[in-house]
Enquirer: 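Mind looking over this structure? Questions follow.
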Amino acid sequence: MTPASLPTASSRAWQRFKANRRGYYSLWIFLLLFILSLFAELLSNDRPIMVNYEGENYYPLFITYPETTFGGDFETETDYLDPYIRDKITTAPNWSIYPLNHFSFDTINYDAEAANPAAPSNDNLLGTDDRGRDVLARLIYGFRVSVLFALVLTIIGTLTGIIAGAIQGYYGGRIDLVSQRLIEVWASMPELYLLIIFASIFNPSLLLLIILLSLFGWMGLADYVRAEFLKGRNLEFVKAARALGLNNRTIMWRHLLPNAMTPVITFLPFRISGAILALTSLDFLGIGVPPSTPSLGELLAQGKENISAWWLSISTFSVLVGTLVLLIFIGEALRESFDTRRG
């Protein structure tokens, strides 16, 4: 075997990751669910994807049409769940293509036979919440919101932690000492109390939560990156790079950062799961996203208030736990794949 044909460190890590079947399949399942959630409007919506009415094509999912377009009496936006309108756009020769689930996250089922929260039925496969909204739709949209929120928070926290840890570890000395003391002071701030205070001052939003949680979410990762840079800054290849005249930024980026990426990559799934759990917990306490936003935590809070409505708690708990389990399996597989002691 020639040197060029020898497997690289990244390919060996990928082979070790694939060997862990539990983590490998969890990765594909999670990616499939996340990609499907990105097209939630095509899966669960109270508007048809396409309508062919009197020989013309309409696209209600993307364009708002008045009711008079489909033979109604009013100039207001069409209610496609209205039996009269549905009959007009589905009776031959007219036809329409509806999403698999005929409710959006904010659609109220006024035709439910039971009082809200209503149990699962043919119309609402997972029942309705206490406002008459479809639980399945809110789970699909809530899963997307949670994962996107976690990804944004993880990216911001990871980049901040890498920069802070790299500067501390590479320069060391007084910069490292002063930075560590400042981080210790900042870490001692009561994060939950600050969230409660800001939630009472400002209108709750995802942007506000991302900003507040990003202020604290980078410190744990910065410690690992700092340790790797402290360990590598005095190695022979770094001294050789300095002797060749490379500047500090190039040495940090090209020579030290790749060696410090192992803890960063292995902790990514755990950081994503932690961000999802943080958003769910804040929404459960009522200091997270606005009430109109689909949220797993808000559904759990409704399940607590409506103990007899078992479908609220069980369905939301299953989605949340299933997501966290998949991420934990992925994280464990990543940690093992970067363990050089394994073959």
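This is a predicted model, so every value here is computed, not measured.
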Enquirer: Can you check whether Val147 reaches Ser37 side chain to side chain, under 4.5 Å on heavy atoms?
Expert: no

Enquirer: Looking at residues at least two apart in the chain, or sitting in another chain, which of them share a salt bridge (Lys or Arg N to Asp or Glu O under 4.0 Å) with Arg144?
Expert: Glu41

Enquirer: Would you confirm whether the ring centroid of Phe70 sits within less than 6.0 angstrom of the ring centroid of Tyr58?
Expert: yes

Enquirer: Apply the side chain to side chain contact (heavy atoms under 4.5 Å, CB included) test between Leu327 and each candidate in Leu268, Ile272, Leu277; give the one that qualifies.
Expert: Ile272

Enquirer: Above 12 or not: heavy atoms from other molecules or residues under 6.0 Å from OH of Tyr224?
Expert: no

Enquirer: In terms of relative ring orientation, are His255 and Phe237 parallel, tilted or perpendicular, with 30° and 60° separating the classes?
Expert: tilted

Enquirer: Does Pro263 offer a backbone N or O that forms a donor-acceptor pair with the side chain of Thr266 under 3.5 Å?
Expert: yes

Enquirer: Verify the distance criterion only: is there a donor paired with an acceptor across the side chains of Asp283 and Thr280 at less than 3.5 Å?
Expert: no

Enquirer: Start with the C-alpha gap between Ser214 and Thr160, add the side-chain angles, then the distance that decides, and say whether side-chain contact (heavy atoms from CB on, under 4.5 Å) holds.
Expert: CA-CA 9 Å; Ser214 297; Thr160 306; over 6 Å; no

Enquirer: In terms of heavy-atom contacts, does CZ of Arg254 have more than 12 from other residues, nucleotides or ligands at under 6.0 Å?
Expert: no

Enquirer: Is it possible for you to say whether Leu326 and Leu36 belong to one hydrophobic cluster, with membership spreading through side-chain heavy-atom contacts below 4.5 Å?
Expert: no

Enquirer: Quick one: does Leu208's side chain get under 4.5 Å of Phe202's, heavy atoms only?
Expert: yes

Enquirer: Can you give the donor-acceptor pairs under 3.5 Å from side chains of residues 132-139 to other protein atoms, not counting sequence neighbours?
Expert:
{"unit_1": "Arg133", "atom_1": "NE", "unit_2": "Asp129", "atom_2": "OD2", "d": "2.8"}
{"unit_1": "Arg133", "atom_1": "NH2", "unit_2": "Asp129", "atom_2": "OD2", "d": "3.0"}
{"unit_1": "Arg133", "atom_1": "NH2", "unit_2": "Glu298", "atom_2": "OE2", "d": "3.3"}
{"unit_1": "Asp134", "atom_1": "OD1", "unit_2": "Asn124", "atom_2": "ND2", "d": "2.8"}
{"unit_1": "Asp134", "atom_1": "OD2", "unit_2": "Asn101", "atom_2": "ND2", "d": "2.9"}
{"unit_1": "Asp134", "atom_1": "OD2", "unit_2": "Leu136", "atom_2": "N", "d": "3.4"}
{"unit_1": "Asp134", "atom_1": "OD2", "unit_2": "Ala137", "atom_2": "N", "d": "2.9"}
{"unit_1": "Arg138", "atom_1": "NH1", "unit_2": "Phe105", "atom_2": "O", "d": "2.8"}
{"unit_1": "Arg138", "atom_1": "NH2", "unit_2": "Thr293", "atom_2": "O", "d": "3.3"}
{"unit_1": "Arg138", "atom_1": "NH2", "unit_2": "Glu298", "atom_2": "OE1", "d": "3.4"}

Enquirer: According to a hydrophobic-cluster definition based on side-chain heavy atoms being under 4.5 Å apart (Ile, Leu, Val, Met, Phe, Trp, Tyr only), do Ile163 and Phe267 belong together?
Expert: no

Enquirer: Provide the closest heavy-atom pair for Pro290 versus Ser205 in the form atom of the first, atom of the second, distance.
Expert: CD-CA, 4.0 Å

Enquirer: Is there a donor-acceptor pair closer than 3.5 Å between any side-chain N or O of Tyr98 and the backbone N or O of Asn45?
Expert: no

Enquirer: What's the separation between atom CD1 in Ile251 and atom CG in Leu257, rounded to the nearest 0.5 Å?
Expert: 13.5 Å

Enquirer: Quick check: closest heavy atoms across Pro99 and His102, and the distance to 0.1 Å?
Expert: O-CD2, 3.0 Å

Enquirer: Could you tell me whether a side-chain N or O of Ser179 sits under 3.5 Å from a main-chain N or O of Asp176, the two making a donor and an acceptor?
Expert: no

Enquirer: Does Arg16 reach the main-chain N or O of Ser337 with its side chain, forming a donor-acceptor pair under 3.5 Å?
Expert: yes

Enquirer: Do Leu299 and Ser295 come within less than 4.5 Å of each other through their side chains, counting heavy atoms only?
Expert: no

Enquirer: Under the side-chain contact (heavy atoms from CB on, under 4.5 Å) criterion, do Arg242 and Arg233 qualify, and how do the steps go?
Expert: CA-CA 10 Å; Arg242 291 198 189 99; Arg233 65 175 184 153; 4.3 Å; yes

Enquirer: Take Thr250 and Asn247 through the side chain to side chain donor-acceptor pair (under 3.5 Å) test and state the conclusion after the steps.
Expert: CA-CA 6 Å; Thr250 302; Asn247 56 43; 2.6 Å; yes

Enquirer: Begin with the C-alpha distance, continue with both residues' side-chain angles, and end with the deciding distance and a verdict on side-chain contact (heavy atoms from CB on, under 4.5 Å) for Thr78 and Ile85.
Expert: CA-CA 8 Å; Thr78 305; Ile85 296 296; 3.6 Å; yes

Enquirer: Flag the pair Ser308 / Trp310 as yes when at least one side-chain heavy-atom distance between them is below 4.5 Å, and no otherwise.
Expert: no

Enquirer: Are Phe143 and Ile314 joined in one hydrophobic group, where the rule is that I, L, V, M, F, W and Y side chains link up if heavy atoms are under 4.5 Å apart?
Expert: yes

Enquirer: Please check: side-chain N/O of Thr316 versus main-chain N/O of Leu312, any donor-acceptor pairing under 3.5 Å?
Expert: yes

Enquirer: With no hydrogens and no angle check, is any side-chain donor or acceptor of Asn306 less than 3.5 Å from a backbone partner on Ala309?
Expert: no

Enquirer: Is it true that, when you exclude Asn57 itself, more than 12 heavy atoms of the residues, nucleotides or ligands shown sit nearer than 6.0 Å to its CG?
Expert: yes

Enquirer: Can you name the nearest heavy-atom pair linking Val225 to Ala166, along with the distance?
Expert: CG1-N, 3.7 Å

Enquirer: Indicate, with yes or no, if Ile210 and Leu159 share a hydrophobic cluster defined by side-chain heavy-atom contacts under 4.5 Å among Ile, Leu, Val, Met, Phe, Trp and Tyr.
Expert: no

Enquirer: Would you indicate whether the side-chain heavy atoms of Arg86 and Leu81 approach each other to under 4.5 Å?
Expert: yes

Enquirer: Under 4.0 Å between a side-chain nitrogen and a carboxylate oxygen: does that hold for Glu77 and Arg47?
Expert: yes

Enquirer: Under 3.5 Å, is there a donor-acceptor pair between the side chain of Glu336 and the main chain of Phe17?
Expert: no

Enquirer: Mind checking who shares a hydrophobic cluster with Leu182, ILVMFWY linked at side-chain heavy-atom distances under 4.5 Å?
Expert: Val178

Enquirer: List in chain and number order the residues that pass ring pair (Phe, Tyr, Trp, His ring centres under 6.0 Å) with Phe216, two or more places apart in sequence or in another chain; answer none if no residue qualifies.
Expert: Trp186

Enquirer: Using a 4.5 Å cut-off on heavy atoms from C-beta on, say whether the side chain of Leu209 contacts that of Ile287.
Expert: no

Enquirer: Are side-chain heavy atoms of Val289 and Leu279 found at a separation under 4.5 Å?
Expert: yes

Enquirer: Any side-chain heavy atom of Asp46 within less than 4.5 Å of one from Phe103?
Expert: no

Enquirer: When you measure from the side chain of Trp95 to the backbone N and O of Tyr53, does any donor-acceptor pair fall under 3.5 Å?
Expert: no

Enquirer: Please find the pair of heavy atoms, one from Ser96 and one from Val51, that lie closest to each other, and give the distance.
Expert: CB-CG2, 3.8 Å

Enquirer: Assess whether side-chain contact (heavy atoms from CB on, under 4.5 Å) is satisfied between Asn234 and Val238, documenting all intermediate values.
Expert: CA-CA 6 Å; Asn234 291 322; Val238 176; over 6 Å; no

Enquirer: Under 3.5 Å, is there a donor-acceptor pair linking the side chains of Asn248 and Tyr170?
Expert: yes

Enquirer: State yes or no: are the ring centers of Trp28 and Tyr25 separated by less than 6.0 Å?
Expert: no

Enquirer: Minimum heavy-atom separation for Leu221 to Gly157, with atom names?
Expert: CD2-O, 4.4 Å

Enquirer: Cluster question for you: counting only ILVMFWY and a side-chain heavy-atom cut-off of under 4.5 Å, with indirect links fine, are Leu148 and Ile156 together?
Expert: yes

Enquirer: For Leu151, does its backbone N or O pair with a side-chain atom of Arg271 as donor and acceptor, under 3.5 Å?
Expert: no

Enquirer: Treating Ser188 as the side-chain partner and Val185 as the backbone partner, does any N or O pair qualify as donor plus acceptor under 3.5 Å?
Expert: yes

Enquirer: Cluster partners of Phe317, using ILVMFWY side-chain heavy atoms under 4.5 angstrom, listed by chain and number?
Expert: Val321, Val325, Phe329

Enquirer: Evaluate whether atom CZ of Phe39 has more than 12 neighbouring non-hydrogen atoms of other residues, nucleotides or ligands under 6.0 angstrom away.
Expert: no

Enquirer: If I take atom CG from residue Leu126 and atom OG from residue Ser318, how far apart are they, to the nearest 0.5 angstrom?
Expert: 9.5 Å

Enquirer: Tell me yes or no: between the side chains of Thr128 and Asn116, is some donor less than 3.5 Å from an acceptor?
Expert: yes

Enquirer: Which residues pass the salt bridge (Lys or Arg N to Asp or Glu O under 4.0 Å) test with Glu184, not counting sequence neighbours?
Expert: Arg181

Enquirer: Please report the closest heavy-atom contact between Gly72 and Tyr84, naming both atoms and the distance.
Expert: CA-CE2, 4.3 Å

